[in-house]
Amino acid sequence: MKSKKLELRGLYDETAGFYDHRYTEIQRQKYSAVIKHLPSRFGRALDVGCGTGLFLDELRRRARFVVGVDISEKMLNVAQGRGSGAGLLLADAESLPFKDQTFDCVISVTLLQNVPSPENAVAEFMRILKNHGLVVYTSLKRKHSAEQMRGWAVGSGLKVEECVEIEDSEDIMCVTRRQS
Ligand SMILES: C[S@@+](CC[C@H](N)C(=O)[O-])C[C@H]1O[C@@H](n2cnc3c(N)ncnc32)[C@H](O)[C@@H]1O
């Protein structure tokens, strides 16, 4: 693993113990925006960069099968303690350990500002997505513009439905779909 990623993993490992206390309210604001785009029932969902699993319960209410992946083992340990029933895996967003066209829905909230080549991660989201599946990702607006974020989807062959600032939050959200 490259040194930037190792450094980040170390940083999030150190954050795991107080992440929920500091960020739950901030993240929930973003989840409300994401949820509006999710179908009420679907098959398989993946949360990439799931962190402590704050969004996994919500996904479990809607999807039959939910997996969360993260690069930080300590963040995943907190997610495990949450008992959401989601599968959890230590994995890198730029190289996801899933077969092509596995998921109906791929979600990634406040991950991509951390990833050295976010376009590679979005290409991975596309690869593991079923036809007509949905990908929703957010990133910090101080790090990425809506234009850049839109470009990652278009470059991967995803159709952009919306790319907007989330109200009262630090993130931009892109809602995209695989058309075939
Ligand atoms: C700001 S937190 C967001 C966590 C979660 N999505 C939430 O809404 O609370 C970013 C997460 O991305 C993870 N992460 C950073 N780089 C990653 C990578 N290359 N692959 C997978 N996860 C990564 C971090 O370990 C951290 O848990």
Side-chain angles (χ1 to χ4, degrees), residues 1-38 45-63 66-84 86-98 102-103 105-128 134-144 149 152 156 165-175:
M1 196 181 289
K2 295 217 174 101
S3 62
K4 168 106 171 43
K5 280 188 185 166
L6 284 171
E7 195 186 310
L8 257 166
R9 183 168 71 178
L11 212 97
Y12 278 106
D13 277 348
E14 283 171 21
T15 311
F18 59 86
Y19 184 90
D20 285 0
H21 180 68
R22 188 172 290 179
Y23 297 108
T24 297
E25 284 318 306
I26 294 170
Q27 292 307 101
R28 285 208 193 288
Q29 184 77 17
K30 304 172 190 177
Y31 304 149
S32 312
V34 173
I35 285 164
K36 287 183 190 145
H37 297 276
L38 302 183
L46 176 68
D47 184 352
V48 187
C50 66
T52 59
L54 287 172
F55 198 44
L56 293 173
D57 282 339
E58 188 60 48
L59 288 174
R60 280 284 290 157
R61 273 194 276 281
R62 290 160 185 265
V66 178
V67 182
V69 303
D70 202 278
I71 208 172
S72 156
E73 196 169 356
K74 296 243 166 77
M75 294 291 266
L76 285 175
N77 287 343
V78 178
Q80 186 71 51
R82 201 174 289 284
S84 68
L88 296 168
L89 275 178
L90 191 63
D92 183 348
E94 289 189 76
S95 175
L96 291 167
F98 304 107
T102 301
F103 293 94
C105 187
V106 176
I107 305 295
S108 175
V109 181
T110 328
L111 159 75
L112 292 170
Q113 75 282 347
N114 292 310
V115 175
S117 304
E119 64 277 15
N120 290 347
V122 174
E124 276 292 85
F125 302 169
M126 164 72 173
R127 180 185 66 75
I128 61 171
L134 183 75
V135 178
V136 184
Y137 55 86
T138 84
S139 185
L140 295 180
K141 57 188 171 202
R142 66 168 180 270
K143 187 81 194 277
H144 294 123
M149 291 176 64
W152 305 332
S156 302
E165 289 191 13
I166 301 175
E167 208 177 322
D168 296 328
S169 109
E170 56 194 345
D171 283 26
I172 292 171
M173 170 182 70
C174 283
V175 180

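Just follow the structure's listing: the first ligand is 1, and inside any ligand the first atom is 1.
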| request: Give a yes or no on whether a salt bridge exists between D20 and R82, defined as a side-chain N under 4.0 angstrom from a carboxylate O. | output: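 Yes, charged N to carboxylate O under 4.0 Å.
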Q. Got a sec, which residues hit side chain to side chain donor-acceptor pair (under 3.5 Å) with S108, two or more places apart in sequence or on another chain?
A.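 Applying side chain to side chain donor-acceptor pair (under 3.5 Å) to S108 gives none.
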(message) Check the orientation of H144 and W152. Use parallel for under 30°, tilted for 30 to 60°, and perpendicular for over 60°.
(response)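 Perpendicular: the ring planes of H144 and W152 meet at over 60°.
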Distances under 3.5 Å, N/O of ligand 1 against N/O of the protein: list each pair and its distance.
residue	atom	partner	partner atom	Å
ligand 1	6 (N)	G49	O	2.7
ligand 1	6 (N)	V109	O	2.8
ligand 1	8 (O)	Q27	NE2	2.9
ligand 1	8 (O)	Y31	OH	2.6
ligand 1	9 (O)	Y19	OH	2.7
ligand 1	9 (O)	Y31	OH	3.2
ligand 1	19 (N)	D92	OD1	3.0
ligand 1	20 (N)	A93	N	2.9
ligand 1	22 (N)	I71	N	3.3
ligand 1	25 (O)	D70	OD1	2.6
ligand 1	27 (O)	D70	OD1	3.2
ligand 1	27 (O)	D70	OD2	2.7

Given salt bridge (Lys or Arg N to Asp or Glu O under 4.0 Å), test E170 with K141 step by step and report yes or no. CA-CA 6 Å; E170 56 194 345; K141 57 188 171 202; over 6 Å; no
Taking only residues two or more places apart in sequence, or in another chain, which ones meet F103 in a ring pair (Phe, Tyr, Trp, His ring centres under 6.0 Å)?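 Only F98 meet the ring pair (Phe, Tyr, Trp, His ring centres under 6.0 Å) criterion with F103.
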Only counting residues at least two apart or in another chain, list the ones meeting side-chain contact (heavy atoms from CB on, under 4.5 Å) with Q80.
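Checked Q80 against side-chain contact (heavy atoms from CB on, under 4.5 Å); matches are L88.
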